[in-house]
Amino acid sequence: MRYDLVIFDNDGVLVDSEPISNRLLAGYLTELGHPTTYEESVRDYMGSAMHRIHELIEERTGRRLPADFDDTFHARVFAAFEKELRAVAGAAEVLGLLAREHIPYCVASSGSHERIRVGHRSAGLDSWFRDENIFSAEDVGRGKPEPDLFLHAAARMGVAPERCVVVEDSLLGVRAALAAGMDVYGFTAMTPAEKLPGARGHFRRMEELPATLGL
């Protein structure tokens with residue numbers, strides 16, 4: 001394999017959380033007087049850190065979201081995760097292969113550490129990750145599409161950016177990886193390939209990733 005570190009996005013790549021999260025986000029924003037469809041939530045917020053939701057709403061409407069918006073939204077999401085969340089098909093098998101081949105991997109997500117942990121536990125992926133290979137936009141302040149999170153993850157894992165490959169399913173994530181000087185492959189189970197320009201390649205089923213990476 002030509003890479004020394006595989007960096008996974010989390011939501012939509014490892015855990016099938018995007019349909020749940022965007023359904024709840026659209027509903028909550030609509031409750032607050034910002035009518036939003038599920039499709040609009042996916043288009044505007046998929047792959048975003050929470051601060052970007054606040055910024056876009058204020059930019060568009062001149063109104064700020066409530067101070068307890070993040071806490072309320074996360075409470076709804078975590079409750080739904082406990083009941084509904086599943087791992088992306090093939091994710092556990094890919095992680096197992098990387099572990100057996102002694103290929104370093106990590107997760108770098110726009111979500112909070114708590115969200116990542118709750119999601120992994122609910123989806124049965126928690127045994128594959130430790131504190132040392134979980135990275136969140138909380139760690140750096142600026143989320144995707146800025147490169148900070150991916151650069152932080154690479155530095156903590158001790159790998160040069162050009163030796164990293166990122167697995168992403170959002171345009172913001174692809175842009176962040178490219179800005180970090182990393183190769184990126186687009187996972188198209190939910191996002192069409194044409195909406196992930198700049199990716200080195202695309203794949204639709206997680207089982208295809210090992211061959212895509214040359215394993």
Side-chain angles (χ1 to χ4, degrees), residues 3 5-22 25 39-56 77 85 87-88 90-91 94-95 98 104-113 115-116 119-120 123 125 129 133-157 159 161-206 208-209 212-213:
Y3 304 106
L5 176 65
V6 181
I7 303 177
F8 291 94
D9 176 43
N10 190 54
D11 294 293
V13 171
L14 295 176
V15 295
D16 194 18
S17 53
E18 292 293 7
I20 299 171
S21 299
N22 283 285
L25 179 58
E39 292 77 14
E40 289 169 339
S41 180
V42 170
R43 181 194 68 199
D44 294 343
Y45 306 118
M46 183 170 160
S48 298
M50 291 300 293
H51 69 80
R52 188 168 185 272
I53 300 173
H54 288 262
E55 291 165 1
L56 283 178
V77 168
L85 189 63
V88 166
V94 168
L95 294 171
L98 293 174
Y105 64 87
C106 66
V107 61
S109 172
S110 293
S112 66
H113 278 280
R115 176 182 172 122
I116 297 168
H120 286 180
L125 296 180
F129 291 94
N133 65 342
I134 295 177
F135 305 101
S136 161
E138 287 183 323
D139 301 332
V140 294
R142 296 194 309 171
K144 306 167 188 178
E146 302 300 331
D148 305 38
L149 174 56
F150 289 139
L151 292 173
H152 171 70
R156 289 290 299 273
M157 296 292 290
V159 178
E162 63 270 19
R163 301 297 302 161
C164 300
V165 62
V166 177
V167 183
E168 265 288 353
D169 71 334
S170 75
L171 177 58
L172 294 178
V174 169
R175 288 176 173 170
L178 294 174
M182 300 176 181
D183 282 352
V184 55
Y185 286 86
F187 182 46
T188 61
M190 187 170 173
T191 308
E194 60 268 21
K195 293 189 177 181
L196 299 174
R200 185 178 182 88
H202 302 87
F203 65 104
R204 183 170 178 78
R205 297 169 60 250
M206 190 54 64
E208 300 169 5
L209 180 60
T212 300
L213 298 182

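In this chain, residues are counted from 1 in sequence order.
- Looking only at distances, no side-chain donor or acceptor of Arg200 sits under 3.5 Å from a matching main-chain atom of Tyr185.
- For the pair His202/Thr212, no side-chain contact is recorded, criterion being any heavy-atom separation below 4.5 Å from C-beta on.
- Side-chain contact between Thr188 and Lys195 is absent, with no heavy atoms from C-beta onward closer than 4.5 Å.
- Here the CD1 atom belonging to Ile53 is positioned 6.0 Å from the OG atom belonging to Ser48, to the nearest 0.5 angstrom.
- Within 6.0 Å of CZ on Arg156 lie no more than 12 heavy atoms contributed by other residues, nucleotides or ligands.
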Note to self: Determine whether Val167 and Phe203 satisfy the following criterion, side chain to side chain contact (heavy atoms under 4.5 Å, CB included), listing intermediate values before the conclusion.
What the structure shows: CA-CA 10 Å; Val167 183; Phe203 65 104; 3.7 Å; yes
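- The heavy-atom pair separating Asp169 from Phe187 by the smallest distance is CB-O, 3.4 Å.
- For the pair Val159 and Tyr3, the minimum side-chain heavy-atom distance is 4.5 Å or more.
- Residues Ala108 and Ile7 approach most closely at CB-CG2, 3.7 Å, considering heavy atoms.
- Residues Leu196 and Leu171 come closest through the heavy atom pair CD2-N, 3.5 Å.
- Note that NE2 of His120 is 5.5 Å distant from CG of Leu14, once rounded to the nearest 0.5 Å.
- For His51 (side chain) and Gly143 (main-chain N/O), a donor-acceptor pair under 3.5 Å exists by modelled atom type.
- A distance-only check finds no donor-acceptor pair linking the side chain of Ser109 to the backbone of Asp9 [under 3.5 Å].
- Between Gly186 and Ala199, the closest heavy-atom pair is N-CB, 3.8 Å.
- Note that the CG atom of Asp139 and the NE2 atom of His113 stand 3.5 Å from one another [nearest 0.5 Å].
- Between Pro147 and Ala180 the shortest heavy-atom distance is CB-N, 3.6 Å.
- Listed for the Ser136 side chain is a donor-acceptor partner under 3.5 Å among the backbone atoms of Gly111.
- Between the Thr191 side chain and the Ser170 main chain, no donor and acceptor come within less than 3.5 Å of each other.
- Inspection of the Asp11 and Ser17 side chains reveals an N or O donor paired with an N or O acceptor under 3.5 Å.
- Counting all heavy atoms, side chain and backbone alike, Ala49 lies closest to Ala137 at CB-CB, 4.2 Å.
- Checking Leu209, Leu213, Val88 one by one against Val94, the side chain to side chain contact (heavy atoms under 4.5 Å, CB included) holds for a single residue, Leu209.
- To the nearest 0.5 Å, atoms CD (Glu168) and CZ (Arg175) are separated by 12.0 Å.
- For Arg52 (side chain) and Asp44 (main-chain N/O), a donor-acceptor pair under 3.5 Å exists by modelled atom type.
- The CG atom of Asn133 lies 10.5 Å from the CZ atom of Phe8; values are rounded to the nearest 0.5 Å.
- Put simply, the side chain of Met190 does not reach to within 4.5 Å of the side chain of Asp16, judged on heavy atoms.
- Under the 3.5 Å distance criterion, with hydrogens and angles disregarded, a donor-acceptor pair is assigned to the side chains of Arg115 and Ser21.
- Checked against a 6.0 Å centroid threshold, the rings of Tyr105 and Phe129 count as neighbours.
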Check: So Arg163 and Leu5, side chain to side chain contact (heavy atoms under 4.5 Å, CB included) or not? Walk me through it.
Finding: CA-CA 7 Å; Arg163 301 297 302 161; Leu5 176 65; over 6 Å; no
Next item on the list: Given side chain to side chain contact (heavy atoms under 4.5 Å, CB included), test Glu18 with Val42 step by step and report yes or no.
Entry: CA-CA 8 Å; Glu18 292 293 7; Val42 170; over 6 Å; no
Note to self: Met206 vs Val13, test: side chain to side chain contact (heavy atoms under 4.5 Å, CB included). Steps then yes/no.
What the structure shows: CA-CA 8 Å; Met206 190 54 64; Val13 171; 4.0 Å; yes
